[in-house]
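Everything on this sheet refers to the single structure shown next.
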Amino acid sequence: MEECGKVGRQKIKLQKKRKRKQVVQNMLLGLLVLFFAAYLGAGAFFCMKGYGTYHRAVQEKSLTERVEEIRSSEDFTAYSELPQFYIDATLAVEDRRFKWHWGIDPIAICRALWTDIKAGSFVEGGSTITQQLAKNMLFTQEKKVERKIAEMIAALKMELTYTKQEIFELYANTAYFGSGHYGIYQASMGYFGKKPSELTDYEAAMLAGVVNAPSAYSPDSHKDLAQQRAQQVLNKMVKYKIITREQAEAIKAAK
């Protein structure tokens, strides 16, 4: 009888343990569902705000009107007038999957998100060249979730409307290169006293690197940092097999 009682008590303890475990599992499941619902709700909220930001921007002035304004500028530089080395260098450091994505690069976004989480702040944006163009044309530089979503919506619209060459051309003509220079023509004339088509490979690499942080990499105010950045650009081009290490060294030596 005593043995039976002992077995009974063990069964009761086991049942209580299972119940507690089940309660904990249910609580965790409930929290997970609530978190997921909150995540979806926040996503929907910011998507709506992002679309509203995009809609207001194009209502104020359409994409077509903005593009025509850029193209009508006396400083406008056509794609055919851009050095191929500048194009290759820019794609290497800014958006190496530019030719294949549809305005948004999920790989770059995930990498940037992980970097931002580790840093605890907005360190990297993961923006494609198309997104950067959208930001330059339509929005402020303010780092907000809804602005980022609006930028993505605009980028998708641009990819459906314009060719890759047209997008890159518009990007080169709207990017800020520091020292008050907007667009590749102003930067080329301002820093080197020559048209974009006359840039050397080293000068093209330097300009490709400036837009990442115009205030820090301006050749006028931070020549040493500009040169370091140009070397980083050349290294990226070697990494992605656009040029060889020997070519990179020759370009640096000929600067």
Side-chain angles (χ1 to χ4, degrees), residues 77-101 103-116 118-119 123-133 164-165 167-173 175-179 181 183-255:
T77 302
Y79 185 88
S80 59
E81 298 172 316
L82 295 171
Q84 186 60 46
F85 197 89
Y86 166 73
I87 296 170
D88 292 340
T90 301
L91 295 183
V93 292
E94 290 295 323
D95 188 0
R96 70 188 183 91
R97 285 178 287 273
F98 174 70
K99 295 177 182 178
W100 300 285
H101 65 60
I104 299 170
D105 185 350
I107 296 174
I109 291 173
C110 290
R111 184 190 66 238
L113 182 61
W114 178 242
T115 301
D116 291 343
K118 288 192 294 182
V123 176
E124 189 176 333
S127 293
T128 63
I129 279 176
T130 317
Q131 286 175 254
Q132 292 180 52
L133 172 61
K164 289 291 186 179
Q165 286 192 359
I167 289 170
F168 189 92
E169 179 184 77
L170 291 165
Y171 164 80
N173 281 275
Y176 181 56
F177 290 85
S179 297
H181 303 313
I184 185 69
Y185 184 87
Q186 287 186 16
S188 183
M189 292 298 295
Y191 289 132
F192 307 115
K194 58 179 72 172
K195 296 177 182 178
S197 58
E198 300 169 342
L199 290 168
T200 67
D201 289 348
Y202 186 80
E203 291 165 346
M206 186 174 285
L207 289 186
V210 166
V211 293
N212 180 259
S215 299
Y217 298 134
S218 167
D220 279 348
S221 52
H222 302 285
K223 189 175 181 180
D224 289 345
L225 288 177
Q227 291 176 346
Q228 290 176 27
R229 179 60 177 165
Q231 184 60 52
Q232 291 174 1
V233 172
L234 293 174
N235 290 341
K236 282 278 189 179
M237 296 180 78
V238 171
K239 178 181 178 180
Y240 299 133
K241 295 181 171 55
I242 300 168
I243 59 174
T244 64
R245 173 56 61 189
E246 291 73 22
Q247 287 174 313
E249 293 302 324
I251 290 167
K252 183 181 177 181
K255 68 180 180 179

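No experiment lies behind these values; they were computed from the predicted model shown.
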Practice item. Count the heavy atoms of every other residue, nucleotide or ligand shown that sit under 6.0 Å from NZ of K195, and state whether that count exceeds 12. Key: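 No, not enclosed.
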Review point. Would the number of heavy atoms belonging to other residues, nucleotides or ligands and lying under 6.0 Å from NZ of K252 be above 12?
Key: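 Open: at most 12 neighbouring heavy atoms sit under 6.0 Å from NZ of K252.
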Enter the distance from [X]:[atom1] to [Y]:[atom2] here, rounded to the nearest 0.5 Å.
| X | Y | atom1 | atom2 | answer |
| --- | --- | --- | --- | --- |
| I87 | Q165 | CD1 | CD | 7.5 Å |
| L234 | Q247 | CG | CD | 10.5 Å |
| S188 | E203 | OG | CD | 7.0 Å |
| Y185 | K194 | OH | NZ | 13.5 Å |
| Q132 | Y176 | CD | OH | 15.5 Å |
| L207 | H181 | CG | NE2 | 9.5 Å |

Student check: side-chain heavy atoms of [X] and [Y] closer than 4.5 Å:
| X | Y | value |
| --- | --- | --- |
| V93 | Q232 | no |
| Y171 | D95 | no |
| Q227 | M206 | yes |
| K236 | R96 | no |
| F192 | T200 | no |
| I243 | F85 | yes |
| Q131 | D105 | no |
| N212 | E94 | yes |

Is there a donor-acceptor pair under 3.5 Å between the side chain of [X] and the backbone N or O of [Y]?
| X | Y | value |
| --- | --- | --- |
| D201 | I251 | no |
| T90 | A208 | no |
| T128 | G103 | yes |

Which heavy atom of [X] sits nearest to which heavy atom of [Y], and what is that distance?
| X | Y | result |
| --- | --- | --- |
| S218 | S179 | OG-OG, 2.6 Å |
| G209 | V233 | CA-CG2, 3.7 Å |
| P83 | S197 | CG-CA, 4.3 Å |
| A248 | V238 | CB-CG2, 3.7 Å |
| A89 | A205 | CB-CA, 4.3 Å |

Point to revise | Qualifying ring pair (Phe, Tyr, Trp, His ring centres under 6.0 Å) pairs with a residue from residues 203-254, counting only residues at least two apart or across chains | key: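 For residues 203-254: none.
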Exercise for review: Let me see the working for Q231 and N235 under side chain to side chain donor-acceptor pair (under 3.5 Å), right down to the final yes or no.
Suggested key: CA-CA 6 Å; Q231 184 60 52; N235 290 341; 3.0 Å; yes
Exercise for review: Return yes if a side-chain donor-acceptor contact under 3.5 Å exists between E169 and N173, otherwise no.
Suggested key: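 On atom types as modelled, these side chains do not qualify, holding no pair under 3.5 Å.
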Practice item. Please work out whether the ring planes of H101 and F98 are parallel, tilted or perpendicular, with thresholds of 30° and 60°. Key: perpendicular
Practice item. Look at the rings of F177 and Y86 and say which category their plane angle falls in: under 30° parallel, 30 to 60° tilted, over 60° perpendicular. Key: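 Answer is tilted, since the angle falls between 30° and 60°.
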